[in-house]
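Presented below is the structure to which this report refers.
Fair warning: this is a prediction, and the values are worked out from it, not measured in the lab.
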Amino acid sequence: MEYGHFDPERREYLITRPDTPAPWANYLGSPAYGAIISNNAGGYSFVKSGAAGRLIRYRFNEQDRPGRYVYLRDDETRDYWSASWQPVGKPLDRYKSVCRHGTGYTVLEAEYADVRSEALYYVPHGKDYEVWKIKVTNKGAKARKLSAFGFAEFTCESFYEQDQVNLQYTQFITRTYFKDSFVLQTINENCLNAVNESRVETRFFGLAGASVASFCGDRAAFLGKYRDYGDPVSVERGSLDGTLNYNLNPCGALHTSMVLQPGESVEFAFLLGQKREAQARELVALYNDAGLPEKEIDELKAYWHGKLANLKVKTPDANFDNMINTWNAYQCFITFNWSRAASLTYSGLRNGYGYRDTVQDIQGIIHLDPEMALDKIKFMISAQVHHGGALPLVKYTHNPGHEDKPEDESYGASTGHPSYRADDALWLFPTVWKYIAETGNTALLDEVIPYADKGEDTLFVHMKKAIDFSLNNLGIHGLPAGLHADWNDCLRLGAKGVSVFVALQLYYAFEIMIRFAQFRKDAATEKEMAGLKERFGKIIEERCWNSDRFVRGITEDDQVVGKPGDPEASVWLNPQSWAVVSGFADEKRGKAVMDLVYRELNTKYGARLMAPSYQKHAFEGALALLFNPSTKENGGIFLQSQGWLILAEAMLGRGGRAMEYYLESCPAAQNGIADVRLMEPYVYSQFTESSESPFEGRSHVHWLTGTASTVMVGCVEGIIGLRPDMNGLLLSPSIPSAWKSLEIEKVFRGSKLNIKVSNPDGRESGCKKLTVNGAAVEGGYIPASMLKAENEIVLEM
Ligand code: GLC
């Protein structure tokens, strides 16, 4: 069943059936003001933090309620409905709707009883409030008397958790007032003239471009006794009763009425934000200009489309193009902005940046906006502790040079992370490498950046320290210890047990340091790193390779995890793909382990993280056991790992396999099986249930996931093969043999590249001939020095 389709020209996804199998959401705003909105207008808004700045309520894990509701009512027949299909939910044979999710805006178009409505939701670029621009049109042949009601349910307190659970306090601190064109909510208002003025919050819900016919600031009065959002008594009645909130639950509700002749339209806007009264008044005045929203939407599109335009692909696969050109790219920016903080699954309690998650998220946008990436790279480097370990969770209030760390009890108490993870700082190597290779900004290596706790060093030394941290935390056999966890949060290998994934990451880190040291003509470091690479290479070969596979780890008591013949978890995906990605496995070994993955782990929805799932034979630190079989880390299809798999196959030149894996888990390619997948067909989720589940193919945890950036890298570096290094760009597409051609437009170091790839012989990789502006170059490699402002690049495979 299809619920919608892509519009690549407008970079929108159109939902044509509103009864989607899950709320299909979009993000509005920026880190200053975030908003999540579903195709049925469900969702919530927050100032800066989903945990500490919650403005309107959302009930998680329920029926996608409440949200940014606009109710419409025929004042003659008394029939009423909503501008989004839910919450009123009129029968779908009479209620027609299209939801258009775009880049930073969502439009809900509906037609019911000869009335057309259009609700455009957005946060103006660079602003910290939101606009619901409403247009109502009479499509019928007779004049209509109509009412529109806007409704927003304010939280009683900005801290989400407090608002939900500490009712004996939060229900008694808020009031609402009516101020001609808006409802003003105050929290702790008595503090306004006292020393602790900063406690006071004020929010507003306003109406611009129309006059208020009635108002309400109290949720109970708005809804009525034993009513729900789908049948509020005040909408049924046709007017709001003017009750204002004094204790219990506030809301902002405003009513405007209109008479529309046949064909006539009216436009007005509801506004919502955390503002003082005077600012609210100014904003309402500003939006009395009905033309403003259109200008602001153009601005938003220019902002987003400008970023996305830095890479454009045209391949024979429309799903691939839709994802790479718009949706996967946009999701990468969203994860970059909000980490794992706020979605319809993450309720905002993770109040900070997960180290590994964020350093990985950066990778997803480097090819589109390297400068934006740079700021965050420096920020994350400043969250490294002086000995090289990284803070597992970087607080939103991060203050470099002054932070506590896992050694301090206070850090564990405030973040829930009592100790270091083995992998966090090692993610800096691929990320910093990608940034420097994309931009050529090698000066970054010498930039001095503080540590989280004390002291400072150049970025180059920070990276050496990251290696030191691993070297100072070795477990048995001289391999890196698994510590609190490695990439896999469910693997507790401990201080002496060892992680093969981390060993491969470290091996890759040595290689990156060698490249940087060579560039800096730092022979001593180069030699040191080469020595370490060799030393660890030998140990990996000796201890981590077993018959036909790389094992996953070794426990403190020397039990090997993931070896042939184990009754459970005998094959693991990541050590195989990372053996290739890290450069440890040669081509023959690489192909062999990837063939093993294909045989043992692949399913129609992607390759499983490991198999068989743990049920009876887990070792003590295997927390995956907590999950049902074929779910999450317990043998599910953990989608981030598909990205490394795609990259590994592409690096081996097997474009057919790379694309096969890509399509198995590509959201767009699952547009037709939305009832199986459930999640938005334009967004990656964290994992898909696999073969042991009765719901094989069902996907979970939308939007905020490392899948976005990792699959993006797998496609950009892997399938289309853009592999920059410090001096230029290797062009190495790895595509299905059936693809006869593809085109790539890319902005690289300020130059425009128009790349045309032809594949007359049906190959999967390789370069027969490459010309740059007519001049032949060798080995598929474009030296940066050859590039002009605009370049015609032709590659024959
Ligand atoms: C979740 C976490 C991520 C972790 C992964 C695997 O996606 O956010 O940090 O690497 O699970 O356990």
Side-chain angles (χ1 to χ4, degrees), residues 18-29 33-69 82 84-87 89 99 101 106 121 130 151-167 169-171 203 219 223 228-230 249-251 272 331 334-335 337-352 354 357 393 396 416 489 626-628 631-632 677-680 683-687 689 695 698-705 707:
D19 57 341
T20 48
W24 285 2
N26 194 14
Y27 278 77
L28 317 175
Y33 186 100
I36 299 167
I37 182 164
S38 77
N39 55 315
N40 277 305
Y44 59 97
S45 311
F46 51 94
V47 177
K48 291 193 185 122
S49 155
R54 190 67 64 90
L55 209 64
I56 55 172
R57 289 214 178 111
Y58 184 73
R59 287 188 242 306
F60 292 87
N61 198 21
E62 293 288 340
Q63 303 290 328
D64 189 29
R65 279 178 187 167
R68 300 171 181 83
Y69 293 145
S82 38
S84 41
W85 175 55
Q86 292 294 323
C99 162
H101 282 318
T106 283
Y121 296 91
E130 64 190 74
F151 170 80
E153 183 171 329
F154 294 122
T155 54
C156 288
E157 140 84 84
S158 299
F159 284 91
Y160 164 68
E161 212 179 2
Q162 289 291 305
D163 180 60
Q164 292 294 300
V165 303
N166 195 7
L167 305 185
Y169 166 67
T170 55
Q171 300 240 312
R203 287 94 167 259
R219 187 188 73 180
L223 290 178
D228 203 345
Y229 303 98
N249 295 294
C251 75
L272 171 68
Q331 187 179 359
I334 297 300
T335 59
N337 279 347
W338 278 296
S339 188
R340 306 297 173 269
S343 69
L344 300 187
T345 314
Y346 287 109
S347 54
L349 288 187
R350 216 196 270 193
N351 196 14
D357 293 342
L393 193 87
Y396 289 135
D489 280 332
L626 302 175
F627 295 119
N628 290 326
T631 302
K632 286 188 68 121
R677 184 174 184 267
L678 306 192
M679 298 281 89
E680 297 91 334
V683 170
Y684 278 103
S685 54
Q686 185 199 64
F687 78 100
E689 292 175 52
F695 299 98
R698 189 163 63 174
S699 293
H700 305 271
V701 192
H702 68 167
W703 280 101
L704 303 183
T705 155
T707 314

Are Asp64 and Tyr58 close enough that a side-chain donor and a side-chain acceptor fall under 3.5 Å? yes

Using distance alone, with no hydrogens and no angle criterion, decide if His700 and Glu689 have a side-chain donor and acceptor under 3.5 Å apart. yes

Would you say Gln686's side chain and Thr707's backbone share a donor-acceptor pair under 3.5 angstrom? no

Consider only side-chain N and O atoms of Asn26 and Thr106, and report whether a donor and an acceptor are under 3.5 Å apart. yes

Taking all non-hydrogen atoms of both residues into account, name the closest pair between Cys156 and Pro250 and its distance. SG-CD, 3.6 Å

Give me the atom names and distance for the closest heavy-atom approach of Phe159 to Ala52. CE2-CB, 3.5 Å

With sequence neighbours left out, what residues match Tyr396 under ring-ring contact (aromatic ring centres under 6.0 Å, His included)? Tyr353

Would you call Tyr44 and Ile36 a side-chain contact if the rule is heavy atoms closer than 4.5 Å? yes

Who are the ring-ring contact (aromatic ring centres under 6.0 Å, His included) partners of His702, not counting sequence neighbours? none

Answer yes or no: is there a side-chain heavy-atom contact under 4.5 Å between Tyr27 and Ser343? yes

With rounding to the nearest 0.5 angstrom, report the SG to CD1 distance, Cys99 to Ile37. 7.5 Å

CG of Leu272 to CG of Leu55: how many Å apart, nearest 0.5 Å? 5.0 Å

Between Tyr33 and Glu130, a side-chain donor and acceptor under 3.5 Å: yes

One pair to check against side-chain contact (heavy atoms from CB on, under 4.5 Å): Thr335 and Trp703. What are the steps and the verdict? CA-CA 7 Å; Thr335 59; Trp703 280 101; over 6 Å; no

Exercise: identify the closest heavy-atom pair between Ala35 and Phe46: N-CE2, 4.4 Å

Would you tell me whether Tyr229 and Glu153 have side-chain atoms, one donor and one acceptor, within less than 3.5 Å of each other? yes

Check: Phe60 ring centroid to Tyr346 ring centroid under 6.0 Å: no

Return the minimal non-hydrogen interatomic distance between Ala25 and Leu344, and the atom names on each side. CB-CD1, 4.1 Å

Checking side-chain contact (heavy atoms from CB on, under 4.5 Å) for the pair Leu626/Lys632: CA distance, chi angles, key distance, verdict? CA-CA 10 Å; Leu626 302 175; Lys632 286 188 68 121; over 6 Å; no

Measuring from atom CZ of Phe154 to atom SG of Cys251, what distance do you get when rounded to the nearest 0.5 angstrom? 8.0 Å

Residue pair Ala41 / Ser84: nearest heavy atoms and the distance that separates them: CB-OG, 3.5 Å

Between the main-chain N or O of Asn166 and the side-chain N or O of Thr170, is there a donor-acceptor pair closer than 3.5 Å? yes

If only side-chain N and O atoms count, and only distance matters, is there a donor-acceptor pair under 3.5 Å linking Arg54 with Ser45? no

Could you give all pairs that pass the salt bridge (Lys or Arg N to Asp or Glu O under 4.0 Å) test and reach residues 155-167, with sequence neighbours left out? Arg57-Asp163

State whether the side chain of Arg677 and the backbone N or O of Glu680 hold a donor-acceptor pair below 3.5 Å, judged by distance alone. yes

Apply side-chain contact (heavy atoms from CB on, under 4.5 Å) to the pair Arg203 and Ser158, showing each step before the final yes or no. CA-CA 11 Å; Arg203 287 94 167 259; Ser158 299; 3.4 Å; yes

For Leu704 and Trp338, which heavy atoms make the closest approach, and how far apart are they? CD1-O, 4.1 Å

Measure the shortest side-chain to side-chain distance between Leu28 and Tyr121 over non-hydrogen atoms and say whether it is less than 4.5 angstrom. yes

Are the side chains of Trp24 and Ser38 in contact, using a 4.5 Å heavy-atom criterion? no

Any chance you could measure Ser685, atom OG, to Gln331, atom CD, to the nearest 0.5 Å? 8.5 Å

Report the C-alpha separation of Arg65 and Asp228 in whole Å, then their side-chain angles, then the decisive distance to 0.1 Å, and conclude whether the side-chain contact (heavy atoms from CB on, under 4.5 Å) test is met. CA-CA 10 Å; Arg65 279 178 187 167; Asp228 203 345; 4.3 Å; yes

Taking atom types as modelled, is there a side-chain donor on Thr20 or Asn39 under 3.5 Å from an acceptor on the other? yes

For residues Asn40 and Pro18, determine if any side-chain heavy atom of one lies less than 4.5 Å from a side-chain heavy atom of the other. yes

